[in-house]
Asks: 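The structure's right below; bear with me while I get my questions together.
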Amino acid sequence: MHAYADLVEKNKRYLWNPFTQMKDYFDRRPVVIARGEGRRLIDIDGNAYWDGVSSLWLNVHGHRVPELDDAIRRQLEDIAHSTLLGQANVPAILLAERLAQIAPTGLTKVFFSDSGAEAVEIALKMAYQFWQNTGKCSKSKFVTMCDGYHGDTIGAVSVGDIPMFHARYAPLLFQSYKIPFPNRYRNPYTSSDPAFGALHAVEELFQREADQIAALIVEPVQGAGGIVPAPKGFLTGLRALCDTYDVLLIVDEVATGFGRTGRMWACEHDGVSPDILTVGKGLTGGYLPVAATLATERIYTAFYGEYEEFKALYHGHSYTGNQLGCACALANLELIERNRIIDHVAQSARVVSTRLNALRDHPHVGDIRQAGLMIGIELVEDRETKRPFPLTTRAGWRVCWQARELGMLLRPLGDVVVFMPPLASTVDEIQEMTSILCDAVERGLKEVVGK
Ligand SMILES: *Cc1c(COP(=O)(O)O)cnc(C)c1O
């Protein structure tokens, strides 16, 4: 047993946390998790908290799930890891088959990696090299959405557009075309229908530049950009434009895949299949770092040829196709099906939506956005003008600190309070978590306004 103070001292001395201002972190009594139990996390002093953001949008069934624990143990009896470069392994082959079976139509080839950012890097290299291999070498640029987020590596940041995370690195990035996202709350277009405006902007760009453009990348629900679902029909429109102008469509479902929005894939809501799909987060149920980039036969075929043509995709990571991760992912997908998780999410989402009615008239709640169990509550200083609070107010954080006092761990995106419970949370658990969420919003805002 380690004492709390001792561990925090060692944290201070040795551990540098991601996306964390370390001074701020140590000023606020860090949480040190010792174990998990179902949908709860338990710190080293035995305090239990609801895992209100699924350990950063990953968790599907909860923690210490017997089926997932067993799958990893069973795989460990055989082997933990061997390379996928030039050879294969059993769970990686079976997982590729399973993913191809459940993927949107036409995505038949699976390329593994270890994180969402890598899945995106691979998608970008795949799209770029597809045109190189097929003789259309001018098609080398990417189109992305303003406020998009695709991970933190340099390629993924080059197609990202969140100023606080990305602006600093601008000189290191390659240029991409940026189209304002059709955000209904903060509509960037003159048209009252933001999807119409955005599709029009994409078409204008394609008319001028399609012979320079390899692919367009989009999130069906902008995640880190503030939990902003694309309007219905937007992906359908993008698919049609990409077909007309011969641009590849990359859909990034790292956050939205595996049931998060109430369907297996968010692009199913629009009945759309991309040319390239990136998945990660929920793939192993939130257990182990496995991600994947799925591609169509057309793309795969462009890389297929004689050795000396050098058309291969020169990309891979040390742990690509890791057996423990793939075995866990297989068990996760089986459990999603057996426990009818997708139907369950649709039902839980309705419960959340009803409970959040309590906040809809709050003078500092500007907008409540939801896609399945992906929820964002945008706090504003002035509801009429949608004016945000000054940055230093830290309204989003204040709500999350209140939630922690009430027994739930949350992490905001600026002044958007994010709630993403594990998909398998029972309706009772969802009710309890949602009450804490509402209380925390009330208390956090009271603290802000009282100041
Ligand atoms: C989280 C996320 C990523 C990055 O995934 P990591 O596993 O954190 O690298 C990429 N795209 C989207 C849409 C995400 O939400």
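Atoms within a ligand are numbered from 1 in the order they appear, just like the ligands themselves. Heavy atoms only: backbone and side chains are in, while hydrogens, waters and symmetry mates are out.
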Asks: Can you tell if the side chain of R298 reaches within under 4.5 Å of the side chain of L248, non-hydrogen atoms only?
Replies: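 Of all side-chain heavy-atom pairs linking L248 with R298, at least one is under 4.5 Å.
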Asks: From atom 4 (C) of ligand 1, work out which of S113, S115, P220, A117 has a heavy atom at the shortest distance.
Replies: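 Among S113, S115, P220, A117, the closest heavy atom to atom 4 (C) of ligand 1 belongs to A117.
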Asks: Salt-bridge test for E337 and R98: reply yes if a basic N is under 4.0 Å from a carboxylate O, no otherwise.
Replies: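 Salt bridge between E337 and R98, a charged N being under 4.0 Å from a carboxylate O: yes.
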Asks: For ligand 1, indicate whether the residue E253 contacts it via side chain, backbone, both or neither (heavy-atom separation under 4.0 Å).
Replies: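 Neither part.
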Asks: Relative to the heavy atoms of G151, which atoms of ligand 1 are at a distance of less than 4.0 Å?
Replies: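 Under 4.0 Å from G151, ligand 1 has these atoms: 4 (C), 10 (C).
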Asks: Check the angle between the aromatic planes of Y319 and H81 and answer parallel, tilted or perpendicular using the 30° and 60° thresholds.
Replies: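 Taking H81 first and then Y319, their aromatic rings sit tilted (interplane angle of 30° to 60°).
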Asks: Kindly assign one of parallel, tilted or perpendicular to the pair Y149 and F165, based on the angle between their ring planes and the thresholds 30° and 60°.
Replies: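 Perpendicular, since the angle between the ring planes exceeds 60°.
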Asks: Are D43 and R29 close enough for a salt bridge, meaning some N to O gap below 4.0 Å?
Replies: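 No, D43 and R29 are not salt-bridged.
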Asks: Looking at atom 8 (O) of ligand 1, is any protein heavy atom nearer than 4.0 Å to it?
Replies: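 No, because not a single protein heavy atom sits under 4.0 Å from atom 8 (O) of ligand 1.
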Asks: Is S55 close to L41 at the side-chain level, that is, under 4.5 Å between some pair of heavy atoms?
Replies: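 Touching, per the 4.5 Å side-chain cut-off.
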Asks: Tell me: protein heavy atom nearest atom 14 (C) of ligand 1, and distance?
Replies: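 Here the nearest protein heavy atom works out to K281 NZ, 2.9 Å.
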Asks: Which ligand 1 atoms are under 4.0 Å away from a heavy-atom of D252?
Replies: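 Answer for ligand 1: 10 (C), 11 (N), 12 (C), 13 (C).
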Asks: Can you list the ligand 1 atoms lying under 4.0 Å from a non-hydrogen atom of G116?
Replies: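 So the atoms of ligand 1 that pass are 4 (C), 5 (O), 6 (P), 7 (O), 9 (O).
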